[in-house]
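To start, the structure under review is shown below, and the notes come after it.
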Amino acid sequence: MIEITLPDGKTVEYPKGSTPLDVARGISEGLARNVISARFNNRKVEASTPLETDGKLILYTWSDEEGKKAFWHSSSHVLAQALEELYPGIKLTIGPAIDSGFYYDVDFGEHTLSEKDFLAIEKKALEIARGKHDFRMREVSKKDALGYYEKEGNPYKVELIENLEDGDITFCDHDTFTDLCRGGHIPNTGLIKAFKVLSVAGAYWRGDENRPQLTRVYGISFPKQKELTEYLEMLEEAKKRDHRKLGKELELFTFSQKVGQGLPLWLPKGAALRERLEQFLKKAQKKAGYEMVVTPHIGQKELYVTSGHYAKYGEDSFQPIHTPREDEEFLLKPMNCPHHCEIYRATPFSYRELPKRYAEFGTVYRYEQSGELHGLTRVRGFTQDDAHIFCTHDQVESEFMNVIDLTLYVLGSLGFDKFTAQVSIRDPENPDKYIGDTANWEKAEAAIINAATEKGLDFVIEPGEAAFYGPKLDFMIKDALGRQWQLGTIQVDYTLPERFDLTYKGSDNELHRPVMIHRAPFGSMERFVALLLEHTGGNFPLWLTPQQAIVLPVSEKHEKYAQKVLNSLENHEIRALLDARSETVGRKIREAEMGKYPFMIIVGDQEQADGTISVRRHGGEDLGSITVEALSGLVNAEINSTLKSF
RNA sequence: GCCGACGUAGCUCAGGGGUAGAGCGUUUCCUUGGUAAGGAAGAGGUCACGGGUUCAAUUCCCGUCGUUGGCUCCA
């Protein structure tokens, strides 16, 4: 007998060789029907894996993340079998589960897969699924495993196996299909009731652009047809929150082929929104001791040679601008920091004057690869809410924490309560990617981790994600489709002060090297507005929205009173406008709803006689007839509840 | 940059080898209206651009540009 400990701490005894499924059956028939995967002594096992020792067992169903992963991973096997049957001779590579669904990377040889082929693949996959084939794991020696794939002529699998230890290699069989596999499957293919191929994309083998490009087939599957339908509906809903669509509808920004790809044009409403965001941050920054500076959009090439940006990015960036007579070389500025370093250098500082905090809404230009451009989230010209803090070594940690506070304040004021904090450090395998000496890197990495820990941030550490000059703390936010984007960023930098020979006079009357902190709570205005749009669906917080109210006179004879109401609203500092068109109230309300105005103010005979306004909230709530003063009270209360002072 | 898809009126989209359609918007006129579309008439398109095939191309083929889903990249 073996002793199995369940997650609730209860222990049960089973004969040696019993499976997780047996244990589930012991708990309830219902659980046994739903259990699709398990973890034993913290190792992923199949529901059918015989358990040979005492240990801790966790059973997973579709409602667990692990269960879903097992479900989707198993589905990728089914996808692979379907593809092999439809396109004999293809070479399979890897096929993992992802956050939503799974993919399989396949070398199709000459064949190009396109959307037209999806239906046939889905049909075949469901046919396989309906066969209720068991997934069976078996151990294979390295020699046999290599032999199997060499015979198949599949260099990808051979390469994978070569990197595995003998004795640690398993294959998974189901039906007529065999795949190299680490495990983590559902009991049989029959659980897959709904199967959809979502898209195809190119993907480089092992993520290396110098290696062959494979075809990645994305799919998703579910235990119930209804769940697939719901998932597809969810995708449709997410599309409605796409910032590119909302930006167009709300007339915030546009692009022009003539101006150039990746170069956003801000329309009046979008510019007003940006302006408001900038004012909001400027106010907080002023309190936090920042000083605004202004620098030009171009800088001598030499400036970036000094900073190290030219060596790192010069080749694949916008090329230098040459002046006609003297052949000077200028670059569009890709970063504000070199300029700010020169501002720091303009004045000699004593340690008593540090930290210096220079802030600028600085527009920068970067040559992003054309395939990378995406709405406002990835552009070639954008404005950073940039600042550089020059401080002593002793001040780094407290300054860093101050910046975390500011960033959290910014995110909180805008309703971003879900974010990931990511500490990006060096890639230990690739030291050549970075400049600066190791001791400083270690110091900087430690300072960031300390500050983040001190501030109680729940963060993940990502090796290899650091900037080339220093480690950073990034605040990542997901868009409507769940793709993660970096917004706020804080970076410690010991290198640029060195390169620009920045100094301050210490208490010992000697010159010392300051440390620099780069930071941008929004990240860029463009990306921030994009994510804000996707999060709010265009319904911005009241303090930020370009127009808080719209006055809708019932008929033309109420226009005069409406104008009076508008003036009164403006006197109460409510941003409002008047819709005096010769349209029915019904239409004006409909359009105001679609325009996402928070308050609709309807004025007709009644209101004119009483000196009141009739207020409808966006979404339909009727606040009845009230005075402008009362509305002003409501507006202020709501603003004060979301927008705390810093 | 690479792989796939897409590009028809201001917007959303239908169509298809014989030089184009809808809804919304816009313009004009009528209507003066009470909480999500009042009515009528009109204007508006080198079917992204450039080649090729064809008697004929917006439609088929190739290329370019742009957009897009991914990959790589992201100071």
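Computed over heavy atoms, backbone and side chain alike; hydrogens, waters and symmetry mates excluded.
- Ring-centre distance between A:Tyr87 and A:Phe108: below the 6.0 Å cut-off.
- Not a single donor-acceptor pair, N or O on each side, falls under 3.5 Å between the base of B:rU31 and the side chain of A:Thr584.
- For A:Phe528 and A:Phe416, the ring centers sit closer than 6.0 Å to each other.
- A cation-pi geometry, defined here as NZ or CZ lying under 6.0 Å from the six-membered ring centre and within 45° of its normal, holds between A:Arg216 and A:Tyr103.
- With B:rG25, B:rA75, B:rG4 as the choices, the nucleotide that has an atom nearest any side-chain atom of A:Thr112 turns out to be B:rG4.
- Distances were taken from every side-chain heavy atom of A:Arg244 (C-beta onward) to each of B:rC3, B:rU68, B:rG38; the shortest belongs to B:rU68.
- Distances from the side chain of A:Gln491 to the nucleotides B:rA5, B:rU35, B:rA75 place B:rA75 closest.
- Remark: A:Arg616 is in phosphate contact with B:rA36, judged by side-chain N or O atoms under 4.0 Å from OP1 or OP2.
- Rounded to whole Å, the distance from CZ on A:Phe118 to C1' on B:rG69 is 10 Å.
- Here A:His618 does not reach the OP1 or OP2 of B:rA36: none of its side-chain N or O atoms lies under 4.0 Å away.
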Requested in this report: Check the pair A:Phe318, A:Tyr367 against ring-ring contact (aromatic ring centres under 6.0 Å, His included), reporting the backbone distance first and the verdict last.
Outcome: CA-CA 6 Å; A:Phe318 288 124; A:Tyr367 182 78; 5.5 Å; yes

Distances for protein N/O vs nucleotides 44-48 of chain B N/O pairs under 3.5 angstrom?
none

Requested in this report: Let me see the working for A:Asp501 and A:Arg513 under salt bridge (charged side-chain N to carboxylate O under 4.0 Å, His left out), right down to the final yes or no.
Outcome: CA-CA 8 Å; A:Asp501 193 24; A:Arg513 194 70 78 203; 2.8 Å; yes

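- Heavy atoms of A:Gln606 sit under 4.0 angstrom from at least one base atom.
- Close to B:rG70, at under 4.0 Å from its OP1 or OP2, lies a side-chain N or O of A:Arg483.
- The residues A:Asp208 and A:Arg206 are annotated as not salt-bridged, no charged nitrogen and carboxylate oxygen being separated by less than 4.0 angstrom.
- When the C1' atom is used for both B:rU8 and B:rG21, the distance is 10 Å, rounded to whole Å.
- Checked against the 6.0 Å centroid threshold, A:Phe222 and A:Tyr231 count as a close aromatic pair.
- Using the six-membered ring where Trp is involved, A:Tyr469 and A:His518 have ring planes that are parallel, under 30° apart on the 30 and 60° scheme.
- Residue contacts shown for A:Asp208 are absent, as no nucleic acid heavy atom lies under 4.0 Å away.
- Residue-level contact check: A:Gly604 touches the bases, meaning some heavy atom is under 4.0 Å from a base atom.
- Note: A:Phe390 and A:Tyr344 have parallel aromatic rings, judged against thresholds of 30 and 60 degrees for the angle between ring planes.
- Residue A:Arg587 places at least one side-chain N or O under 4.0 Å from the OP1 or OP2 atom of B:rG38.
- Taking side-chain N and O atoms only, A:Lys248 has a distance below 4.0 Å to OP1 or OP2 of B:rU12.
- To the nearest angstrom, P of B:rA36 lies 16 Å from NZ of A:Lys596.
- Of the candidate nucleotides B:rG34, B:rG70, B:rG1, B:rG34 has the atom nearest to the side chain of A:Glu607.
- Proximity of A:Arg378 to the phosphate of B:rG70: no side-chain N or O atom is located under 4.0 Å from OP1 or OP2.
- OP1 or OP2 of B:rG33 has at least one side-chain nitrogen or oxygen of A:Lys557 nearer than 4.0 Å.
- Looking at the side chain of A:Ile589, the nearest of the listed nucleotides B:rA36, B:rG1, B:rC74 is B:rA36.
- You'll find the ring centres of A:Tyr434 and A:Phe468 outside the 6.0 Å limit.
- When the side-chain nitrogen and oxygen atoms of A:Gln261 are compared with OP1 and OP2 of B:rU67, one or more of them lie within a distance under 4.0 Å.
- Rounded to whole Å, atom C1' of B:rA75 lies 9 Å from atom NZ of A:Lys312.
- Cation-pi geometry between A:Lys301 and A:Tyr310 is satisfied (NZ or CZ under 6.0 Å from the ring centre, within 45° of the ring normal).
- You'll find a donor-acceptor pair under 3.5 Å spanning the side chain of A:Ser582 and the base of B:rU31, going by distance alone.
- The nearest whole Å value for the distance from the CD atom in A:Gln608 to the P atom in B:rG33 is 13 Å.
- Looking at heavy-atom distances under 4.0 Å, A:Gly375 makes contact with sugar-phosphate atoms alone, never a base.
- Among the heavy atoms of the strands, none lies under 4.0 Å from A:Leu198.
- When each of B:rA5, B:rG34, B:rA75 is scored by its nearest atom to the side-chain atoms of A:Ser114, the top-ranked nucleotide is B:rA5.
- Closest to the side chain of A:Val585, out of B:rG34, B:rG1, B:rG70, is B:rG34.
- Across A:Trp441 and A:Pro471, no two heavy atoms sit closer than the pair CZ3-N, 3.4 Å.
- Within the 4.0 Å cut-off from OP1 or OP2 of B:rA75, not a single side-chain nitrogen or oxygen of A:Tyr469 is found.
- For B:rU31 and B:rU68, the P atoms lie 47 Å apart once the distance is rounded to whole Å.
- When the P atom is compared between B:rG51 and B:rG38, the two are found 48 Å apart, to the nearest whole Å.
- For the pair A:Glu583 CD and B:rA36 P, the computed distance is 15 Å after rounding to whole Å.
- Contact of A:Glu368 with B:rG1 (side chain to base): no donor-acceptor pair of N or O atoms is detected under 3.5 Å.
- B:rG69 atom C1' lies 16 Å from atom CD of A:Gln369, rounded to whole Å.
- A:Tyr218 comes within contact range of the sugar-phosphate backbone alone, with a heavy-atom separation under 4.0 Å but no base atom that close.
- In this structure, a donor-acceptor pair under 3.5 Å is present between the side chains of A:Asp605 and A:His558.
- The same atom, P, is picked in B:rC74 and in B:rC24; the two are 49 Å apart, to the nearest Å.
- Remark on RNA chain B: of its neighbouring residues A:Lys433 and A:Leu113, the 5'-side contact belongs to A:Leu113, judged by nearest-heavy-atom nucleotide.
- Taking 3.5 Å as the limit, the base of B:rG1 and the side chain of A:Tyr204 contain a donor-acceptor pair of atoms between them.
- Taken together, the paired segments of RNA chain B that extend over three or more consecutive Watson-Crick or G-U pairs, each closer than 3.5 Å at both contacts, are B:1-7 with B:65-71, B:10-13 with B:21-24, B:26-30 with B:38-42, B:48-52 with B:60-64.
- Put simply, CG on A:Leu263 is 15 Å from C1' on B:rU67, counting in whole angstrom units.
- A:Ala201 comes within 4.0 angstrom of a nucleotide base, judged by non-hydrogen atoms across all strands.
- Residues A:Phe195 and A:Phe102 bring their aromatic ring centres within 6.0 Å.
- The residue A:His374 sits close only to the backbone: its heavy atoms come under 4.0 Å of sugar-phosphate atoms, none of a base.
- One finds a side-chain N or O of A:Lys472 lying less than 4.0 angstrom from the OP1 or OP2 phosphate oxygen of B:rA75.
- Here A:Gly586 lies in heavy-atom contact (under 4.0 Å) with sugar-phosphate atoms only.
- Checking B:rG1, B:rG70, B:rG25 against the side-chain heavy atoms of A:Tyr367 singles out B:rG1 as nearest.
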